[in-house]
Colleague: 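Can you read through this structure? Questions will come right after.
In what follows, every heavy atom counts, from backbone to side chain, and hydrogens, waters and symmetry copies are set aside. For ligands, and for the atoms within them, numbers begin at 1 and follow the listed sequence.
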Amino acid sequence: MTQLERQRVFDLLKKDCQHLLGKEVNVKGWVRTRRGNKNVAFIALNDGSVIHNIQVVVDVKAFGDDELLRNITTGSCVSVNGKLVESQGKGQKVEIQASEIVLYGSADPEKYPLQKKGHSLEFLREIAHLRPRTNTFGAIFRIRHALSFAIHKFFNDEGFYYLHTPIITGSDAEGAGEMFRVTTLDLKNPPLDEEGRVDYSKDFFGKETNLTVSGQLEGELGALALSNIYTFGPTFRAENSNTSRHLSEFWMIEPEMAFYDIHDNMDLAESFLKYLVGYLLENCEDDLAFLQKMYDDSLFDRLNMIRKNVFERLTYTEAIDVLEKAGKSFEFPVKWGVDLQSEHERYLVEEVYGKPVILTDYPRDIKAFYMKVNDDGRTVRAMDVLFPKIGEIVGGSQREEDYEKLYGRIKEMGIVEQDVWWYLETRKFGTAPHSGFGLGFERLMLFVTGMGNIRDVIPFPRAPQNAEF
Ligand code: 4AD
Ligand code: MG
């Protein structure tokens with residue numbers, strides 16, 4: 001085959017490729033469909049760089065290799081040399097008149113599972129190793145990339161530093177959920193102490209260790225030195241919740257800012273979310289348009305709604321009042337002191353306010369130990385951002401910076417002091433008011449793609465009874 005520089009389909013279709021018109025180019029990719037007749041074959045080729053295919057036209061007689069053409073079926077992978085020309089047909093600007101084709105890999109039509117369009121998302125989850133080759137998952141994973149990039153860009157432009165917090169942790173101070181244990185002990189025959197309990201001092205790290213549920217506590221150490229930091233990494237929760245909004249392994253973005261109070265924290269969360277949605281509207285239009293057409297006809301409206309509205313801000317106590325007066329029978333009844341369920345959150349967002357809502361000042365007893373206690377003694381400076389379709393998308397707070405108060409909360413909640421001595425020291429030495437929040441990356445992905453199940457917005461979902469691939 002003649003050596004030519006490979007062109008991405010994205011560049012051939014998008015960029016000003018006038019200078020390539022009439023020239024020989026090379027493309028490589030996977031065949032979506034092949035149709036035609038005795039005289040001419042049309043191959044729709046996709047290389048994942050963009051949702052669109054490029055059409056390859058083969059003059060069958062001139063090409064002269066029937067055997068090769070027969071093997072170019074849906075799912076096979078080819079390298080094509082040919083002339084880039086303006087397309088005669090409808091639906092595409094340019095196409096390639098093939099002169100040489102190399103078949104990298106065939107895909108037996110009897111066995112390749114992605115023959116026809118219109119597979120269910122449930123079926124595609126069972127073939128997560130191949131689903132990236134569908135239009136839907138190509139679009140989702142490109143959006144996932146763009147969103148990750150936008151997160152780093154936002155924080156970099158705002159003067160935040162990206163802090164890498166550990167994945168293996170020796171503390172469960174967050175109390176955010178059940179943890180996955182990390183151990184190299186022999187499960188059949190673990191070392192025991194005098195009381196017959198497993199002796200973790202003999203384990204790899206010389207203590208009990210787990211996969212982290214949040215990078216926040218270490219993030220605070222960074223903020224109390226660098227002022228503004230953020231983390232963006234995987235977090236793990238072993239809750240047995242088989243819902244469309246929970247994963248056992250999910251990605252979280254956690255900014256933490258010295259000298260921010262709860263209001264600064266809310267302002268940051270709101271402008272951050274608006275920036276991210278705006279970035280996608282400006283950079284992922286084709287993929288979003290595809291998802292709107294296939295899955296969610298109100299997708300663009302919802303994205304624009306985030307960009308254009310000022311988020312509603314009210315306290316938990318005010319929200320309980322609204323919910324009690326709603327005259328609706330919720331599955332979980334509401335009264336002051338209960339944790340809100342997604343039915344309550346979505347009622348507030350979708351039916352009462354019609355825009356995102358930030359709830360603040362939750363009861364102390366349903367929130368984590370590190371949240372700053374208000375003067376009333378019974379609420380804390382927590383904030384949750386609630387989105388339509390999703391419910392809670394962000395959780396955060398102003399942190400307790402007073403050593404005595406924080407120490408009191410730790411004792412009250414039965415947290416082992418040795419696990420968090422280092423966290424406490426930041427309040428002993430040069431403490432400062434500070435705040436932060438956590439954004440669930442896949443929750444945001446659900447919102448911006450219009451997908452209904454969180455397992456469809458991460459390449460290889462981890463959920464109870466599910467760790468294939
Ligand atoms: O509200 P959470 O538990 O807050 C924290 O972990 C704090 N340390 C954050 C902070 O202040 N730095 O989790 C934060 C967000 C939730 O609002 C939700 O979007 C997402 O993480 N989340 C999950 N996403 C997918 N699957 C799960 N099992 C999730 N649990 C929480
Ligand atoms: Mg939360």
Side-chain angles (χ1 to χ4, degrees), residues 147 151 155 160 163 165 169 171-180 211-223 228-257 260 262 265-266 268-269 272-273 276 316 339-342 344-345 349 356-360 362-363 366-372 380-387 389-400 420 423 434-448 451 453-458 461-464 466:
L147 194 56
I151 286 162
F155 285 124
F160 284 59
L163 186 78
T165 51
T169 167
S171 71
D172 176 22
E174 170 82 16
E178 290 298 305
M179 304 184 91
F180 291 102
L211 294 179
T212 187
V213 295
S214 157
Q216 179 194 323
L217 300 191
E218 292 89 351
E220 285 186 50
L221 312 182
N228 291 352
I229 64 92
Y230 69 104
T231 72
F232 183 6
T235 51
F236 307 86
R237 297 191 186 177
E239 299 144 295
N240 205 356
S241 39
N242 245 315
T243 80
S244 59
R245 294 178 307 113
H246 288 87
L247 288 165
S248 313
E249 175 180 301
F250 64 98
W251 288 65
M252 188 153 50
I253 301 98
E254 296 185 276
E256 192 71 34
M257 298 74 63
Y260 272 48
I262 182 86
N265 204 19
M266 285 192 272
L268 180 74
F272 178 46
L273 289 164
L276 296 180
Y316 167 91
D339 208 355
L340 296 184
Q341 303 293 324
S342 78
H344 310 130
E345 297 172 339
V349 172
V357 171
I358 311 183
L359 287 189
T360 57
Y362 282 74
I366 57 171
K367 290 290 186 185
F369 77 95
Y370 50 68
M371 296 190 181
K372 187 171 175 67
V380 285
R381 258 169 240 182
M383 58 163 229
D384 277 9
V385 181
L386 315 180
F387 259 32
K389 270 198 75 174
I390 308 296
E392 181 194 334
I393 197 158
V394 162
S397 73
Q398 185 168 338
R399 319 304 189 191
E400 184 56 77
V420 290
Y423 184 76
H434 63 289
S435 299
F437 63 82
L439 165 66
F441 186 59
E442 285 76 18
R443 296 261 174 103
L444 182 60
M445 276 295 296
L446 269 180
F447 183 79
V448 300
M451 301 305 284
N453 191 313
I454 201 162
R455 296 168 201 216
D456 295 331
V457 297
I458 186 166
R462 297 288 176 256
N466 194 340

Colleague: Which bit of Arg399 is near ligand 1, meaning a heavy atom under 4.0 Å away: side chain, backbone, both or neither?
Modeller: side chain
Colleague: In chain order, what residues pass the side chain to side chain contact (heavy atoms under 4.5 Å, CB included) check against Ser244, with sequence neighbours excluded?
Modeller: Asn453
Colleague: Answer with yes or no whether the side chains of Tyr370 and Glu220 bring together a donor and an acceptor at under 3.5 Å.
Modeller: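 The criterion, which ignores hydrogens and geometry beyond distance, is not satisfied for Tyr370 and Glu220.
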Colleague: Are Asn466 and Arg455 close enough, and set up right, to give a side-chain contact (heavy atoms from CB on, under 4.5 Å), and what steps lead you there?
Modeller: CA-CA 10 Å; Asn466 194 340; Arg455 296 168 201 216; 4.0 Å; yes
Colleague: Please report the shortest heavy-atom distance between Met257 and Ala223, naming the atom on each side.
Modeller: N-CB, 4.2 Å
Colleague: Under the side-chain hydrogen bond (donor to acceptor under 3.5 Å, both in side chains) rule, collect the residues that match up with Glu442, sequence neighbours excluded.
Modeller: Arg144
Colleague: Answer side chain, backbone, both or neither: which part of Phe387 comes under 4.0 Å from ligand 1, heavy atoms only.
Modeller: neither
Colleague: What is the number of protein N/O/S atoms located under 2.8 Å from the Mg ion (ligand 2)?
Modeller: 1
Colleague: Pairs of nitrogen or oxygen atoms closer than 3.5 Å, one from Met252 and one from ligand 1: do any exist?
Modeller: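 Checking ligand 1 against Met252, no N or O pair falls under 3.5 Å apart.
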Colleague: Between Thr243 (side chain) and Arg245 (backbone), is there a donor-acceptor pair under 3.5 Å?
Modeller: yes
Colleague: In terms of relative ring orientation, are Tyr423 and Phe369 parallel, tilted or perpendicular, with 30° and 60° separating the classes?
Modeller: perpendicular
Colleague: Give the ring-plane orientation class for Tyr260 versus Phe160, where under 30° counts as parallel, over 60° as perpendicular and anything between as tilted.
Modeller: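 Plane angle over 60°, so perpendicular.
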Colleague: Who are the ring pair (Phe, Tyr, Trp, His ring centres under 6.0 Å) partners of His344, not counting sequence neighbours?
Modeller: Phe330
Colleague: Which atoms of ligand 1 have any heavy atom of Glu392 under 4.0 Å away?
Modeller: 1 (O), 16 (C), 17 (O), 19 (O)
Colleague: Quick one: pull up CD1 in Ile262 and CZ in Arg381 and give me the separation to the nearest 0.5 Å.
Modeller: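 Going from CD1 on Ile262 over to CZ on Arg381, the span is 8.0 Å.
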Colleague: Would you mind listing which atoms of ligand 1 come within a distance below 4.0 Å of any non-hydrogen atom of Gly396?
Modeller: 11 (O)
Colleague: Which atoms of ligand 1 are found less than 4.0 Å from any heavy atom of Arg245?
Modeller: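 Going through ligand 1 atom by atom, the ones under 4.0 Å from Arg245 are 25 (C), 26 (N).
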Colleague: Check each of Phe250, Phe441, Tyr230 against atom 24 (N) of ligand 1 and report the one with the nearest heavy atom.
Modeller: Phe250
Colleague: If you measure from CD on Glu345 to CD1 on Ile390, what distance do you get to the nearest 0.5 Å?
Modeller: 11.0 Å
Colleague: Using a 4.0 Å heavy-atom cut-off, say whether Val394 meets ligand 1 through its side chain, its backbone, both or neither.
Modeller: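 Val394 to ligand 1: backbone contact only, side chain stays beyond 4.0 Å.
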Colleague: Determine the interplanar angle of the Tyr362 and Tyr316 rings, folded into 0 to 90°, and report it as parallel if under 30°, tilted if 30 to 60°, perpendicular if over 60°.
Modeller: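 Tilted.
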Colleague: Looking only at distances, please establish whether an N/O atom of ligand 1 is found under 3.5 Å from an N/O atom of Ser397.
Modeller: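 N/O-N/O distance under 3.5 Å: no.
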Colleague: Does the N or O separation between Ile393 and ligand 1 drop below 3.5 Å for any pair?
Modeller: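 Yes; the residue has a nitrogen or oxygen that sits under 3.5 Å from a nitrogen or oxygen of the ligand.
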Colleague: My understanding is that we take every heavy atom of each candidate and find the minimum distance to atom 31 (C) of ligand 1. Doing that for Arg237, Gln216, Glu442, which one comes out nearest?
Modeller: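 Nearest option to atom 31 (C) of ligand 1, by heavy atoms: Arg237.
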Colleague: If you count the atoms of ligand 1 from 1 in the order shown, which ones are under 4.0 Å from a heavy atom of Tyr370?
Modeller: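 That gives atoms 7 (C), 8 (N) of ligand 1.
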Colleague: Just which atoms of ligand 1 are under 4.0 Å from any heavy atom in Gly395?
Modeller: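 Counting from 1, the qualifying ligand atoms are 9 (C), 10 (C), 11 (O), 17 (O).
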